[in-house]
Structures are given as C-alpha cells and as structure tokens.
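Below you'll find the structure, written out as structure tokens, and then a few comments.
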There are 2 protein chains.
Amino acid sequence: MAETARHSETRYGNRPTMKDVAARAGVGLKTVSRVVNSEPGVTPDTERRVQEAIEALGFRRNDSARVLRKGRTASIGLVLEDLADPFYGPLSRAVEEVARAHGALLINGSSAEDPEREQELVLALCARRVDGLIVIPAGDDHRYLEPEIKAGVATVFVDRPAGRIDADMVLSDSFGGAREGVAHLIAHGHRRIGFIGDQPRIHTATERLRGYHAAMADAGMRVEDSWVSLASTDPDRVRAATEQMLAGPEPVTAVFAGNNRVTVTVVRVLAEQERRIALVGFDDIELADLLGITVISQDAAAVGRTAAEHLFRRLDGADHAPARVELPTTLIARGSGELPPA
Amino acid sequence: MAETARHSETRYGNRPTMKDVAARAGVGLKTVSRVVNSEPGVTPDTERRVQEAIEALGFRRNDSARVLRKGRTASIGLVLEDLADPFYGPLSRAVEEVARAHGALLINGSSAEDPEREQELVLALCARRVDGLIVIPAGDDHRYLEPEIKAGVATVFVDRPAGRIDADMVLSDSFGGAREGVAHLIAHGHRRIGFIGDQPRIHTATERLRGYHAAMADAGMRVEDSWVSLASTDPDRVRAATEQMLAGPEPVTAVFAGNNRVTVTVVRVLAEQERRIALVGFDDIELADLLGITVISQDAAAVGRTAAEHLFRRLDGADHAPARVELPTTLIARGSGELPPA
DNA sequence: TAGGCCCTGGACAACGTTGTCAGCTGAATG
DNA sequence: CATTCAGCTGACAACGTTGTCCAGGGCCTA
C-alpha cells in the first residue's frame, strides 16, 4: 500500500481533473465543464451533485488547458525598467487596475535597462501567449517583435518610443516639460544652468536634454559643455557631476535634474552646499512638497492607464494605424526652482 | 484574394506550430521539438534546416501547451497589498530577481487590502497553476488555500502571518521594532507619546501597537486612550488623529507612526506645528535622511529575497515543517526621534 | 561480408480542457 | 395515440506540446 501511495505521489501536482469530478458525480465530462463555466442547460439537481464533487475533491480548473483550447490567456505582460523605482509603482498599479477591469492578470518583469534582458523577457511573455504587452523599452531596436505583433499580440510602448518598428506609444512630453522647467529657472534670473541627465541612449534623456537646449536658445543664452552631464543615474556619478558643476570659477547657479533618481541625489548634494542653488527636477517625488522641491510632474498613473486602455481597445478589435499619444507635464513650484541666483 | 486574406485573418493568433515548422523543414514533428529544446540527437544539417524554418515562419513555442504536458509553469504568483506602495517595490523586485535566477516569471496583483480580492487573485493564480505563491495576506483566514497547498503549490506568507493555516512565513519583527522605537523616544525624555497605526485587523498594526504598549509598560508609564489611533492609513484620518493628539490640554510630545504611509502624513502635519514634536516612524522612506526622520527600518528587499528563496527551496523538494522566519529591524536615528519634549 | 550496435528521425499517445454534434427523455400537441 | 420538439446529457475530436517507443541506416568489428 505504501508502494501504491508513493507511486501516485511521485507525479507532482496530482490534482483532480474534470474527469475525476465527472466520475465522482456520476455524470459526463462535458457536464462538469458546463457547471464550471456556468453554461446553461444543466438541471439544478445535476449541478448540485457536480458542485459537491468539486468541493469534495478540491477541484480547480486548469487554465493552461483552457488557454490551449481557447486561444486567449486573459493575461498581459508588463516589462518595465525596475519594479523598485518609485516612478513605476503607480504605473504598474494603474495598468493592473485596467487589466483587472478586463478580467486579465498581469505578468511583469524588470529589464534593468538591459536591452538583451528586455528581449528575453518579452519573448518569454510571448511564449506564454499573453494577449498583450506593455513595454517600457530598454533597447532601441524592437524589430524582434514584428512577428509577434503580426501574430496578434497587441503591444503598446510606454514612456519611450519603440525602435525601428511602427507601434502604439504613450509618452510624456519630455521635451516640453524640460523646456518649461529650464525656462522657469531662466525666468528667475539664472544664466548658468546645469543639466544632469541619464545616458543619451535613453530616449527620454535625450528629449529632456533637447528641451534644456531649446529653453536656453530661446533665451539667447550660451551653454557650456561643463554644465551638461549625461553620465547615468548612478548616485556616485551624479554626485561627482554635480559637485564639478558647482566647483569651477564660473559655477552654475541652478540645476535641472533629468529624472527622479537624479533629483534625489542632487538634492542631497545641494543640501551640503553653503550657497543656495536652485533646482528643478523632472518627475515628482514623494515628500517633495516638504523639501520644497520644484518639479516637472508627469502623471505615471495616467500614463499607465492610458496605455492599458489603449491595449484593451486593440484587443477588442480596434485596428487603426499605430497611434502616438503624448501626455502633458505640469510644473509644480515649491520653492527650489524659485530661488534667485546665488 | 482579399477574401482569402480576410478569411485566414479571421482566426485570432494564427501562429505557426511545430507541425508547420516540421512541414516546411521536411522533418518530423518531434525533431522540431528536439531542436527547440536543444535536445541531443539531431544532425547539424537537420538542425540548420529546422532553424531556418523557425526563422522564416516566426515560430515561437507555445508555453501553454508545454505547461499542460510538463506540469510545471515556471512562474510564481505574488499577491501584495498595493504595487504602488513604495514599501512593496523593492520587495517585488527582490522576489523577481530570485525568480529570474530560477528561470521563473512573476505574476503579481494587488489585493488592495481586501480579503475577497486576495482570495480571488490567489485562486486565479492557482488556476494558472503557478508553481508557487508569495502572499502578503489581506484576510485572516486562509483555509481556502489548503487544497492548493496539498496539491503542491508551494506557499510563503510574507509581512503578516497566515490565518488558520499552517504555512511558511517571513515576517519583520514588528513588535520588537516598535518597542525599540518607542523606548528610544522615552529615553529622550518623552512621557506623553502618541501611536498612530493601521487598522487592528492587520496583524503588523496590532504587533506594533503591542510593542508600543510594551515599551511604555517597561518604563512604567501610563497610556491614555486618546494617544492611540488605529483608524487607517488614509491621509485625512491620520491628519485628524494627529491634530487631535496635539490639541488637548495634555498634548503628546512625541509620535510613533505605525508605517510609511502614516509617517508621511504625520510629517506633513508636524511641519505645520509651531512646537517641535518628536517622531519615529516604522519603515524607512526615501529622502528621510534629508528630512531628518528617525525610523525603524525593515529591509523590504531582504524580506522578499528570503521569502522567494524559501519558496524555491520548497519547490526543490524541501519538506520540513512550515517555518516562521522573523527578520530584525534597525533603528536609524536622524534627528526627529532625538528631539526633547517641547 | 555479415552481424550487431549506435545514432538519427518519426509515429503516436497523452496532458486537461472546450466546441460540436448526436442521442435520449419527457412533455406538449394534433 | 403518434409525432414533434425542447431541453439535458455525453461521446469525441481538437488545441500544441513532449515522452515513449520503434524503424531504418550507417559504421564498426569479427
């Protein structure tokens, strides 16, 4: 007896199937399926017997098999850069809420800003046959997605545009936001303004830099090379870049920070300075109101919601040409951006 | 021709299968399978032909079918309270990293602190046959998970204990942490200390309250009912509770905040006060160093990592009795907790 | 050169579910 | 009383993959 028991336990996850339920309830397989899916055409009495059998066996429908049969998985994939980044929390959550409203689950992963890892993740999600994908691109070539999209995987790119492929996108107005932020500093009297951003291969970083240059040019102001840092968001490098800008014979009197992570580090560095340096950051930050940090705010939740709604509209059959939505940003003045030149 | 095209497009996701690849490469079905899975026993020449066919057709293995056949999905479910909460970002990320190291994907969802929604989510994940589950419980009765666990779904509860069921858990030392934090305030001369926490049905909230009472009792100090608020983390209610404690004839001189969301609101309220009120918060917060907020820090990433590693050890066959791991907390003094009574 | 062995490739069943279709029962109608 | 019809129910195939098993061919050895 131990033998038979061990033998049957060998197989992992020896879960009851509809067949088992049918046998126990003394009905046909298809009748169980009908009950499980609340399809019409089952006598209350039969239904009760089936329900009891389900209860007794602890049966739970195997969605893998169901998916195989039905074609749709009722799940969407979300590939972002770093789940731990506070910017992506609200975005994920917004996507999740929309997915939930459509009865879909969310599978997500972080690319860690690595194009290869992005592709690996995306393809793994495609292999699972997610119905749709929301991708915050790490790489700049997404041709590998062409067969997938052609095969019916609805795809929306978020925050940064897709590379070498025509697809739906939902972006924030990085250029306009940065331009407004820098113009704000100029309006408060600054002439020497530093820009600390992310690596130029990241589209938003480039756009924000472009906004910086545009604002400076609009005001007829020159830009020194030493005022611009495009190293990365690594705290040590941001710190070094900031300190360097503040050190020379003609130090900057204001800094524009290219994203939330940069802002955080810059705030730390500025707090150590004697002079009061003006600061505007891209992306809002928790508690920024208490710290009096002026920011260009993009609504991460709105971005996520918009992208997800777009995705489900596609899944519901919308087949217009790929659209590019650009959401506006808002300048929130809290003090740090209104400081005069030191 | 438009007709035939439309006709073939009617079926959604008309993707090529191994059969199609086999036909095109002029080999058998199983040979394609071998190539796709890098199994031995295929001539280089045959392999090349198959690879070409795969390329040409844009074939991608259907993991749903694979799962059905193999039994394991190589995915784990993570049910937390709110993806947007900064506490859960690093936790999710840590879980994801461990999952990735084990070749598994992460499916996650937010319970929004609603027990029904938690159950709904968990069962949906079980229906997808995730190999394992990491759950931050919203409810206090998890007997519904018994058949699943028995069927082989490895389950680890995190941050709060499971209800009415014997399972693995990874917790932070809420009691000890709160006790230490309150003792810290007492050591700095405070006698009237407020406690603002989450609803008592949430286990960590109760534990932290218990820690508060313990610290007060240790010091032989009384506790007024009006010093304790267990409303919720809703900013308006926290604000009201804080203001009330600061208003009476015998206002508190220090506040212990029960979690990160409470802390954030309390900080805002205290910033508006004329008197300097001491504060210690449970959970660290970004930029808390700049704001000088003293906190009891729990390492969310460590919690997530520990839980995930535990989970995979189970999946690899560990079958010891359910374990309960409790991770220590750290007090980080930054100023707000060291203020003397006003 | 014959015998046997290894290596490669393919036919077939099975995983658990759902869609199709046909059979059966009992009631209503002419 | 015969006939039709509706409402239940179940047998069977199919979804796309992998595991098992067997066949055929080339190569080595005696």
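On a predicted model such as this, the values are computed, not experimentally measured, just so you know. Note on naming: letters A, B, ... go to the chains in the order of the sequence lines (proteins, then strands), and numbering restarts at 1 for each one.
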Do the side-chain N or O atoms of A:Arg66 get closer than 4.0 angstrom to the phosphate oxygens (OP1, OP2) of C:dT18? yes
When you check the gap from the basic side-chain N to the acidic O, do B:Glu309 and B:Arg305 get nearer than 4.0 Å? no
Salt bridge check: are B:Asp63 and A:Arg129 linked by an N-O gap of less than 4.0 Å? no
Could A:Arg93 and A:Glu97 be called an ion pair, given the rule that one side-chain N must be under 4.0 Å from one carboxylate O? yes
Could you tell me the separation between the CZ atom of B:Arg15 and the C1' atom of D:dC15, rounded to a whole number of Å? 15 Å
Short side-chain N/O contact from B:Asn37 to OP1 or OP2 of D:dT18, under 4.0 Å: yes
What class does the angle between the rings of A:Phe312 and A:His102 fall in, given that below 30° is parallel, 30 to 60° is tilted and above 60° is perpendicular? parallel
When all nucleic acid strands are considered with a 4.0 Å heavy-atom cut-off, which category describes A:Val27: base, sugar-phosphate, or nothing? sugar-phosphate
Taking NZ from B:Lys19 and P from C:dA11, how many angstroms apart are they, rounded to a whole number? 12 Å
B:Arg100/B:Glu96 ion pair, N-O < 4.0 Å: no
Are B:Arg201 and B:Asp140 close enough for a salt bridge, meaning some N to O gap below 4.0 Å? no
Give the rounded distance in Å between these two atoms: CG of B:Asn62 and P of C:dC15. 18 Å
Would you check if the side chain of A:Arg128 reaches a backbone N or O of B:Thr73 as a donor-acceptor pair within less than 3.5 Å? yes
Establish, with yes or no, whether the OP1 or OP2 oxygen of C:dG16 is under 4.0 angstrom from a side-chain nitrogen or oxygen of B:Arg69. no
For atom CE of A:Met18 and atom C1' of C:dT17, their distance in whole Å: 6 Å
Using whole Å, what does the distance between atom P of nucleotide D:dG16 and atom CZ of A:Arg129 come to? 9 Å
Pairs: protein N or O with nucleotides 5-8 of chain C N or O, under 3.5 Å:
unit_1 : atom_1 : unit_2  : atom_2 : d
C:dT8  : O3'    : B:Thr43 : OG1    : 2.8

Send over the distance from A:Phe59 CZ to C:dG16 P, rounded to a whole Å. 10 Å
Tell me whether A:Glu113 is salt-bridged to A:Arg160, with the criterion being a basic N under 4.0 Å from an acidic carboxylate O. yes
Of the listed D:dG10, C:dT17, C:dG10, the closest approach to the A:Thr31 side chain comes from D:dG10
Counting only side-chain nitrogens and oxygens, does A:Ser33 get under 4.0 Å of the OP1 or OP2 atom of C:dT17? no
Among D:dT18, D:dG16, C:dT17, the one nearest B:Arg61 by side-chain distance: D:dT18
Between the main-chain N or O of B:Ala302 and the side-chain N or O of B:Thr306, is there a donor-acceptor pair closer than 3.5 Å? yes
Does a side-chain N or O of B:Lys70 approach OP1 or OP2 of D:dG19 to a distance below 4.0 Å, or not? yes
Atom-to-atom span, CZ of A:Arg128 to C1' of D:dG16 - whole angstrom: 16 Å
Answer yes when B:Asp20 and B:Arg24 have at least one side-chain N-carboxylate O distance shorter than 4.0 Å, and no when they do not. no
Take nucleotides 20-27 of chain C nucleotide by nucleotide from the 5' end and write B, S or -, depending on whether a protein heavy atom sits under 4.0 Å from the base, only from the sugar-phosphate, or from neither. --------
Spacing between A:Arg72 atom CZ and D:dC15 atom P, to the nearest angstrom: 19 Å
